[in-house]
Participant: 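Can you read through this structure? Questions will come right after.
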Amino acid sequence: MCYFIRYMEPQSENGQNGPQQNFDASQAVSNGAPRTLIGELGKHIGKTVSISGWVDVRRDQGKMVFFDFRDRSGLVQGVVLPASAAIEIAKEIRNEYAVRIEGIVNKRPEKNAQADRQNGDIELEITAIEVLSPSDTLPFDISGDTSGIDENVRAEYRYLDLRSKRMQKNIKIRSEFVRRCREFLFSKQFTEIETPLLTESTPEGSRDFVVPSRLNPGKFYALPQSPQQYKQLLMTAGFERYFQTARAIRDEDLRADRGFEHTQIDLEMSFVEMEDVMNLVEEMITTTVEAMGYTIKQKPFPRISYKDAMEKYGADKFDMRTPEDKEKGILAYAWVVNFPFFEKTDDGKWTFTHNPFSMPIPEHVDWLLEGKNIGDILTTQYDIVCNGYESGGGSIRAHKPEILEAVYKVMGFSKEDLEERIGHMLKAFRYGTPPHGGLALGVERNIMNLTGETMLREVQAFPMTRGGKTAVMNAPKPLDEKQLKELGLKIDKK
Ligand code: ASP
């Protein structure tokens with residue numbers, strides 16, 4: 001590890017650096033004033049302060065050296081005057097060094113003030129600089145938009161990419177969105193509960209990522225495509241209102257708005273009908289995004305049937321914004337309802353369109369139980385679309401064993417298959433499971449809409465590359481022989 005601290009050494013009388021034993025601790029920035037955030041400097045005009053952060057820009061003008069310093073709260077310009085004890089070290093430090101600075105907060109003369117910049121009316125007259133951690137020259141420029149940089153290079157140095165203004169903003173917007181949704185749900189008496197990551201396959205229409213079990217060689221866990229079954233079991237368990245910020249892990253083809261991992265604001269409620277869940281989610285979204293300063297095109301969110309959406313837009317996700325709306329960053333939400341429950345697979349079998357655990361609309365429950373008009377059965381599924389993305393979806397669930405059984409029967413499962421797949425759910429449903437329903441909001445797609453990003457990876461801290469390689473770290477990679485043996489695995493070298 002490379003870590004060094006340089007203190008400003010006091011000058012001895014002959015102008016040479018004084019010997020170490022004469023070192024005056026009061027000059028060491030690290031012993032000085034407590035840290036002031038750059039965003040708060042305006043409150044300290046005329047005072048000596050200490051700030052910590054990064055060198056954003058350094059402009060060496062020969063006699064004087066100018067800097068912009070950056071911390072989590074913003075930027076400030078600093079200057080090292082020729083007579084300053086810090087002038088020598090100022091010449092050495094470079095962009096992206098982590099530093100601690102001591103200086104006097106000076107008001108800039110009126111003519112030098114920059115009204116359009118944060119701290120544009122002040123300047124830090126630097127008296128001491130402490131290098132907390134130096135930086136090699138960065139592999140790419142982070143002062144502007146990094147989206148044009150080679151994806152693999154950005155991924156390798158993601159921690160530097162994340163320093164850029166745009167990425168800082170995206171990740172902070174994400175954090176605020178999740179925080180506000182969470183606060184809203186707490187205000188509505190939801191309980192936050194985590195569900196397992198090592199679990200059994202839950203179908204969401206994707207491939208599973210699997211994890212071999214050392215204790216049970218030849219057996220595998222599946223990573224959850226969603227917490228669907230566990231959240232329903234929490235309704236059986238009497239929690240009535242559950243949510244979590246859940247990871248959903250799906251082995252699907254990577255696309256601009258799809259990754260192997262995404263995050264959901266996942267919720268489930270007992271004793272509810274479609275309206276209850278939809279109204280609550282609509283209120284959560286409205287409260288959250290309006291508090292963040294966004295404008296919603298239409299409230300309440302318009303509702304459109306799947307059939308009408310297909311006729312009007314040719315897709316079940318669509319963009320209702322005018323070019324002007326787009327310019328203004330307006331959010332156009334809509335609900336899509338009345339989806340068909342089943343669709344035909346390529347080999348002529350029936351499969352679910354959204355979620356096998358859903359309830360058909362009340363008028364079609366009998367059809368399902370009788371196994372007739374299968375293609376016409378509509379589900380209680382409700383999808384939320386925004387600016388062209390499907391940004392969430394949910395349904396009222398089948399909470400009676402015979403309804404869930406009927407769904408699996410339509411899909412051609414034998415009694416044994418059914419027992420093997422969902423026996424635990426059928427069993428739980430025999431113990432007073434309340435009627436329930438819920439929804440999951442895709443965090444990334446929502447943040448893409450808030451930030452105007454068109455790639456999922458621009459709103460995740462450590463996304464994978466298009467080739468499925470992890471950011472910074474080097475996965476996937478082979479296991480060594482010992483691990484393979486322990487897990488009872490043999491690799492087919494072909
Ligand atoms: N589990 C569903 C999904 O991941 C969401 C839900 O129906 O609550 O899409």
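Whatever order the structure lists them in is the order used to number ligands and atoms, beginning at 1. Every heavy atom of this structure was used, including side-chain atoms; hydrogens, water molecules and symmetry mates were not.
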Participant: Between Y389 and N446, does any side-chain donor sit less than 3.5 Å from a side-chain acceptor?
Facilitator: no
Participant: I'd like to check which ligand 1 atoms, numbered from 1 as shown, lie under 4.0 Å from a non-hydrogen atom of G394.
Facilitator: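 Numbered from 1, ligand 1 contributes 6 (C), 7 (O).
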Participant: Mind checking whether E268 has an N or O less than 3.5 Å away from an N or O of ligand 1?
Facilitator: no
Participant: Taking the non-hydrogen atoms of Q264, is any one of them nearer than 4.0 angstrom to ligand 1?
Facilitator: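 Per 4.0 Å heavy-atom rule, Q264 contacts ligand 1.
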Participant: Between A440 and ligand 1, find which residue part has any heavy-atom pair under 4.0 Å and reply side chain, backbone, both or neither.
Facilitator: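 For A440, the contact with ligand 1 is made by both the backbone and the side chain.
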Participant: Under a 3.5 Å threshold, yes or no: a donor from one side chain and an acceptor from the other, between E151 and T465?
Facilitator: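 Result is no, nothing qualifies.
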Participant: Out of all atoms in ligand 1, which are within 4.0 Å of some heavy atom of N355? Include the element for each.
Facilitator: 7 (O)
Participant: Roughly how far, to the nearest 0.5 Å, is the NZ atom of K485 from the CD atom of E481?
Facilitator: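 Taking CD in E481 and NZ in K485, the distance rounds to 9.0 Å.
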Participant: Would you mind reporting whether V55 and F69 have side-chain heavy atoms less than 4.5 Å apart?
Facilitator: yes
Participant: Below 6.0 angstrom between ring centroids: does that apply to F357 and F352?
Facilitator: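 Distance test on ring centres: not under 6.0 Å, no.
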Participant: Strictly by modelled atom types, are Q244 and T195 linked by a side-chain donor-acceptor pair under 3.5 Å?
Facilitator: yes
Participant: Answer yes or no: is there a side-chain heavy-atom contact under 4.5 Å between R163 and E96?
Facilitator: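 Of all side-chain heavy-atom pairs linking E96 with R163, at least one is under 4.5 Å.
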Participant: State whether the shortest distance between N or O atoms of K231 and N or O atoms of ligand 1 falls below 3.5 angstrom.
Facilitator: yes
Participant: Is G393 near ligand 1, meaning one of its heavy atoms is under 4.0 Å from it?
Facilitator: yes
Participant: Look only at interatomic distance and state if S395 has a nitrogen or oxygen under 3.5 Å from any nitrogen or oxygen of ligand 1.
Facilitator: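 No.
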Participant: Is the shortest distance from a heavy atom of R250 to ligand 1 less than 4.0 Å?
Facilitator: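 Checking ligand 1 against R250, which is what was asked, there is a heavy-atom contact under 4.0 Å.
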Participant: Identify which one of Q232, E240, R241 satisfies the side-chain hydrogen bond (donor to acceptor under 3.5 Å, both in side chains) criterion when paired with H436.
Facilitator: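 Testing H436 for a side-chain hydrogen bond (donor to acceptor under 3.5 Å, both in side chains) against Q232, E240, R241 leaves exactly one candidate, Q232.
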Participant: Does R397, backbone or side chain, put an N or O under 3.5 Å from an N or O of ligand 1?
Facilitator: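 Yes: some nitrogen or oxygen of R397 is under 3.5 Å from one in ligand 1.
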Participant: Heavy-atom contacts with S226 under 4.0 Å: which atoms of ligand 1 show up? List them by number with element.
Facilitator: 1 (N), 4 (O)
